[in-house]
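Notes follow once the structure below has been shown.
Both counts, for ligands and for their atoms, begin at 1 and track the order of listing.
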Amino acid sequence: MTATYLPADPIWCAGCGHFGVQTALSDALADLNISKEETLLLAGIGCSGTIQNNLGTYGYHALHGRVIPTATGAWRANPDLTVIAAGGDGDGYAIGMGHLIHAFRRNPSITYLVMNNGVYGLTKGQDSPTRQGTPSLDAVLLGLSILETTFIARAFTSASDQLRDLTAAAIRHAREGRGFAFLEILSPCVTYNDTYPAWDNEYLDLDIDDQHDPTNRTAAFTRVADLQTQGRIPIGMIYRDPSTEPATFVNPSTSNIESAEHATIFHDIMDRYRI
Ligand SMILES: Cc1ncc(C[n+]2csc(CCOP(=O)(O)OP(=O)(O)O)c2C)c(N)n1
Ligand code: SF4
Ligand SMILES: [Mg+2]
């Protein structure tokens, strides 16, 4: 008999924002008519990372902080696959931050969903780099500062229709080969850092703001930075590269790698492990 893995039930606390992210992701895949067999959902380590157990797509639980390089490798091996990386703010903005910066710069056509709750939920609520009241990091501003960036959005689990639509827009962007689609989702941890009351007052929807032009990177940067100093959190489609051309994926330099020589070294090393 062939064993297959069925979707698991979520293990999150009642009221956790991550439930909303999961609903939005499965609805977005349905809206786009993408089958489970065409989809690989990879996740980092954290409460957020368990999302990949729950959807019945192909799944992979990457090492802590390493979901972006793992997803990039999967997409490079099979560009026809819809590759979605997901994880928390601890996973993506602390141990994994180096990978995020280079994904903005190199543009693999994958989607990256970051569930931001300001804490390390799984390990019981330590401060993450986005914890409010600390000198906190804004990954949206960071992405806007990198000129190759092609898609930056932020959603909030309280605004569920917009969350689903932005998730679908991000997946569509990556599927069309237009580069790295980054969606940060405000997804409160009701057990260790219940930010629902604060964020309900602080968020500001740029999708209904006539002044905001999501194709103007410089204006978007200024607006997001200004709002940050006013204690407001912008959500919506923050920036999308207006070009309809496919993105250019920037490979790391391989000019100094000689594959035959490396194969010999690899086999030498493996021989040393054999008795
Ligand atoms: C290499 C390594 N270092 C530390 C940990 C401990 N650890 C597990 S989850 C986690 C952070 C989780 O926070 P986040 O990514 O924000 O996810 P959340 O639980 O908040 O959804 C940490 C530090 C680990 N599993 N592996
Ligand atoms: S500890 Fe926080 S992040 Fe983890 S499942 Fe519970 S509410 Fe969600
Ligand atoms: Mg977190």
* **Partner of Asp226 by side-chain contact (heavy atoms from CB on, under 4.5 Å), out of Gln230, Arg223, Gln228** => Gln230

So does [Y] get a backbone contact from the side chain of [X], meaning a donor-acceptor N/O pair under 3.5 Å?
X: His212; Y: Ile238; answer: yes
X: Thr39; Y: Ser35; answer: yes
X: Arg217; Y: Leu147; answer: yes
X: Asn54; Y: Pro7; answer: no
X: Thr149; Y: Ile146; answer: yes
X: Arg106; Y: Val250; answer: yes
X: Ser187; Y: Asn117; answer: no
X: Asn193; Y: Arg131; answer: no
X: Thr111; Y: Ala85; answer: no
X: Glu184; Y: Val114; answer: no

* To do: Determine whether the side chain, the backbone, both or neither of Asn117 has a heavy atom under 4.0 Å from any heavy atom of ligand 1.
  => side chain

* Side chain or backbone of Met115 under 4.0 Å from ligand 1, or both, or neither, by non-hydrogen atoms? -> neither

* Measure up the Phe182 and Tyr93 rings against each other and bin them: parallel (under 30°), tilted (30 to 60°), perpendicular (over 60°). => tilted

As an exercise, identify every atom of ligand 1 less than 4.0 angstrom from a heavy atom of [X].
X: Cys47; answer: 18 (P), 19 (O), 21 (O)
X: Asp91; answer: 14 (P), 15 (O)
X: Gly121; answer: 18 (P), 19 (O), 20 (O)
X: His18; answer: 21 (O)
X: Thr123; answer: 6 (C), 7 (N), 8 (C), 22 (C)
X: Gly88; answer: 14 (P), 15 (O), 16 (O), 17 (O)

* Asked: Hey, do the aromatic rings of Trp75 and Phe249 have their centres closer than 6.0 Å?
  -> yes

* Within the 6.0 Å centroid threshold, strictly below: Phe104 and Phe180 -> yes

* Do you reckon Ile110 sits in the same ILVMFWY cluster as Ile101, going by side-chain contacts under 4.5 Å, direct or chained? -> yes

* To do: Please say whether more than 12 non-hydrogen atoms of neighbouring residues, nucleotides or ligands are located less than 6.0 Å from CG in Asp9.
  => no

* **Which atom of Ser26 lies closest to which atom of Leu55, heavy atoms considered** => CB-CD2, 3.9 Å

* Within-2.8 Å protein N/O/S contacts of atom 2 (Fe) of ligand 2 -> Cys189 SG

What do you reckon, does [X] have a nitrogen or oxygen under 3.5 Å from a nitrogen or oxygen of ligand 1?
X: Tyr120; answer: no
X: Ile95; answer: no
X: Gly46; answer: no

* **Close approach, Gln126 and ligand 1, non-hydrogen under 4.0 angstrom** => no

Which protein heavy atom lies closest to [atom], and at what distance to 0.1 Å?
atom: atom 22 (C) of ligand 1; value: His64 NE2, 3.3 Å
atom: atom 14 (P) of ligand 1; value: Gly90 N, 3.5 Å
atom: atom 17 (O) of ligand 1; value: Ser48 OG, 3.2 Å
atom: atom 25 (N) of ligand 1; value: Ile45 CG2, 3.7 Å

* Structure fact -> The expected count of protein N/O/S atoms at less than 2.8 Å from the Mg ion (ligand 3) is 3

